[in-house]
Amino acid sequence: MKGVLRQFLVVMERKIIDFEQGWEKIQIGITALKRKSECLHVPVLLAQHTIDIYTIVYRMCTQKSPNDFSWPLYQKYCETMEEHMNSTVLPALNEKRGDEYMLLRELVERWSNHKTFVKSVSLLFYYLERFFIFRRSLLSLEEVGLGCFRDLVYNKLQCKIREAVLALVDREREGEDIDRKLMKQVLEFYVEIGEERYEEDFESSMLKDTASYYSCKASSWIQEGSIDDYLLKFEECLKKEKERVSHYLHFSSEPNLVKVVEHEFFFVHENQLLEKTHSEKQISLAPIAKIFKQRVTEEGGEDNKAINDQVASAKEQVLIRKVIELHEKYMVIECFQNHSTLFYKALKRAFERLCSKAVAGSDELLATFCDKIILKRWGSEVLSDEDIEKVVMFLAYISDEKYLFAEFYRKKLTLRLLLNRGVSDDHERSILTKLKQQHGGQFTFKMERMVTDLTLSRENQNSFKEYVDNNHVAKPEIGLTVTLLTTGIWPSYKTFGINLPSEMVKCVEVFKEFYEKKTKGRKLTWIHSLGTCHVNGLFDQKPIELIVSTHQAVVLLLFNTRDKFSYIDIQTQLNVGHEDLVGLLHSLSCCKYKILTKEPATETVSRTDVFEFNSKFTARMCRIKIPLRHVDDRKKFIENVDKDRRYAIDAAIVKIMKGKKALGHQQLVSECVGQLSRMFKPDIKAIKVRIDDLITRDYLERDMENPNMFRYLA
């Protein structure tokens, strides 16, 4: 007979904890923690006791309804904190209201003790915090505890606390030593209960108190002493206010504090300053000009923050308007009479700094900005002198990169002129005239010649058209427009040799014959990289006009002979280098418009690829433009500027030495810097290199007895 093993499962139900019973035990622990935070004698709260209280809270929160006491416990916690504030903390602080130091020390000590107390009690209620409070999205236990201090203690004493702090600040301004460590702790308290409290409850009153203090002091000092003494006192006061920030005020107060001091010393007493200036006739206004520059820069920086929050396209349009408005606002410096130059320089430096911060790579971006202004805003309007003046004025503040800007501007001007973007020559000349007045003829010489070239080229094109109409034998098979550009005036562009198709060869020969009959001794160099062709593509669905470069057109015309070519076949027939051919084929087969298909169908071009005319190609428009791969030519432009600067340095050295015949090294460098500084800031090392180069080329020689003396060789 098999025995039967029976197991008995005894389920012991947990005893329900009554709320009053549980809270009584919890309160014992809270009272112990409270006495501990007050540094009073308290029996040691053992770790086991803490665990027991935590367990009680846990069980009271996890009992089934109606015995789930989570919400009552949360309410009791809040009541406990409120009771502690009203019965202990607030009375202790009220006892010290009569003495600033005693009140602030008590505040700091009570705040520190309370933070410790809240942290300790929150650990006992950790389960309540983690589940009940989190799920109900209630204020955390720490927020409740610290909020009670703020609402029940600080709000009732904030005026007294603020008065105590400001009184100590004033006492320090009068030369009395104060407890800076205590001040720092009090102001850290402001920040801890909410940074907006620091700004609204303390900083605003502190700034008013500062204004009142220095208004009284400045009114007295400007009457008593000279302007020099007044400025020295201003600098000393400003230095001390900055020291206060570093020792106990919040760092965010420094800009506002400096503005208040500057306002009370200078803007309030502006008329008296000018009167004393005229009476003393010996004042240096450099410190005032420095303050003026700082003020313009700060206000421009505030505008720039708002500008940077906008999208890039809107940023450029808002930028010019803001800077112009700021410039017009501060162009009121005629009142300084003989010292106006000092303030013009301060204004210029402020705007140079503002422009350099407002846009990174200001040279290129400002050139692009001008291009957009001319094309979009002024393209359909008559330019007024005021509009042009505003743009040129803005450009004047990037003088350090003036010639780099000129290269980028010349590049944009090239595209406007050659692509015939609808801007008249008169508009371009108006801007160039203003630039010339601002920066000199050398700055705009090439740009003016470019506009002149286009005018002469149009006349030449009309003559060519008449020549073709009157000479049917020489008439080319395709329409041809030729733009004549003067070598050295226009930006240099990368070009490479290519075997042109017979139709294009005939066009070149016809124009060459016409030009040689018209001029003598001039050589034509064809720059096909700047050319544009309109090619009719006959696709299966519909014909599409393709606007491509001359090089792209040459590649496409190959496919009139057969539909498929290998890479090697194309390279052999066109006689083009690998790098250049890859760029052309990539633009026609791997970009948005795939006029050619290739095998394999990858996004890169290799020597083993095979290309075929894509007869199934279609597009929504009947005319599309196929761009070439973009090449970043900023480095090239910088090299061009460096090259032009080398020529300018050479010319300056030769001009100086031709007049002086013999000159010492330091004097030559100094005079060279003086001549070139109107155009750009020359590098001393670059000048020394150019001197050595001119010696090598027999323009100069070193004196045999004194190596630091140079002589000019005629």
Side-chain angles (χ1 to χ4, degrees), residues 10-94 109-158 189 192-194 197:
V10 180
V11 179
M12 299 182 66
E13 294 183 0
R14 289 189 309 181
K15 184 179 178 182
I16 299 297
I17 299 178
D18 181 69
F19 181 77
E20 296 298 333
Q21 176 189 359
W23 179 251
E24 183 179 351
K25 295 179 180 179
I26 295 171
Q27 199 167 25
I28 294 173
I30 293 176
T31 303
L33 292 174
K34 187 187 301 184
R35 292 181 62 83
K36 183 179 180 182
S37 69
E38 299 290 330
C39 300
L40 301 175
H41 174 71
V42 59
V44 178
L45 189 64
L46 299 176
Q48 185 59 47
H49 296 160
T50 303
I51 294 173
D52 291 342
I53 295 174
Y54 176 87
T55 304
I56 292 172
V57 173
Y58 167 77
R59 291 178 61 185
M60 292 176 72
C61 291
T62 56
Q63 293 175 151
K64 293 183 179 181
S65 182
N67 296 312
D68 181 353
F69 298 120
S70 298
W71 176 246
L73 281 175
Y74 183 74
Q75 289 180 309
K76 272 292 186 181
Y77 173 86
C78 298
E79 292 172 5
T80 300
M81 291 297 166
E82 293 173 2
E83 188 274 333
H84 179 55
M85 294 298 102
N86 292 323
S87 64
T88 306
V89 179
L90 188 59
L93 286 168
N94 281 326
E109 183 179 353
R110 289 289 175 179
W111 175 244
S112 177
N113 292 343
H114 183 64
K115 287 191 294 183
T116 303
F117 174 59
V118 169
K119 186 176 181 180
S120 301
V121 175
S122 297
L123 292 175
L124 300 180
F125 290 84
Y126 180 72
Y127 186 84
L128 182 73
E129 173 93 65
R130 183 178 177 185
F131 293 96
F132 177 76
I133 295 176
F134 175 76
R135 290 170 181 169
R136 296 288 187 90
S137 299
L138 300 172
L139 289 177
S140 68
L141 298 179
E142 184 177 5
E143 288 174 332
V144 170
L146 301 183
C148 284
F149 194 102
R150 179 188 63 237
D151 299 335
L152 301 176
V153 176
Y154 168 75
N155 285 348
K156 293 180 180 179
L157 296 173
Q158 62 168 305
F189 160 75
E192 287 176 0
I193 64 172
R197 293 283 184 170

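Here the structure is a predicted model, which means the values were calculated and not measured. In what follows, every heavy atom counts, from backbone to side chain, and hydrogens, waters and symmetry copies are set aside.
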Closest approach of S122 to Y77 (non-hydrogen atoms, all atoms of both residues): OG-OH, 3.8 Å

CZ on F69 to CD on Q75, rounded to 0.5 Å: 12.5 Å

Residue list, side chain to side chain contact (heavy atoms under 4.5 Å, CB included) with R136, at least two apart or on another chain: F132, L138

F19 atom CZ: more than 12 heavy-atom contacts under 6.0 Å: yes

Heavy atoms of other groups near Y126 OH, more than 12 under 6.0 Å: no

More than 12 heavy atoms from other groups under 6.0 Å of CD on E24: no

Nearest heavy-atom neighbours spanning M60 and G22: SD-CA, 3.9 Å

Interatomic distance, L157 atom CG to L152 atom CG [nearest 0.5 angstrom]: 11.0 Å

Euclidean distance, I26 CD1 relative to T80 OG1, rounded to 0.5 Å: 9.5 Å

Note, V153 side chain near W111 side chain (heavy atom, < 4.5 Å): no

Side-chain heavy-atom pair L124, L33 within 4.5 angstrom cut-off: yes

side-chain hydrogen bond (donor to acceptor under 3.5 Å, both in side chains) against T116, all qualifying residues, sequence neighbours excluded: none

Inter-residue atom distance I30.CD1 - E83.CD, 0.5 Å rounding: 10.5 Å

Note, L93 side chain near Y154 side chain (heavy atom, < 4.5 Å): no

Separation between CE of M81 and CG of D151, rounded to the nearest 0.5 Å: 13.5 Å

Heavy atoms from other residues, nucleotides or ligands near NZ of K115 exceed 12 (cutoff 6.0 Å): yes

Close side-chain approach of I133 to F125, heavy-atom, < 4.5 Å: no

Residue pair L128 / S70: nearest heavy atoms and the distance that separates them: CD1-O, 3.5 Å

Sub-4.5 Å side-chain heavy-atom contact between T88 and R110: yes

Exercise: identify the closest heavy-atom pair between E142 and V118: CA-CG1, 3.8 Å

Smallest separation among heavy atoms of V89 and F149, with atom names: CG1-CE1, 3.8 Å

Close side-chain approach of L146 to R150, heavy-atom, < 4.5 Å: no

Residue pair L141 / V121, side-chain heavy-atom distance below 4.5 Å: no

Minimum heavy-atom distance C61-L73, with the two atoms named: SG-CD1, 3.8 Å

Reported NZ-to-OG distance for the pair K34 and S120, which is rounded to 0.5 angstrom: 13.0 Å

Parallel, tilted or perpendicular: ring planes of F117 versus H114, cut at 30 and 60 degrees: tilted

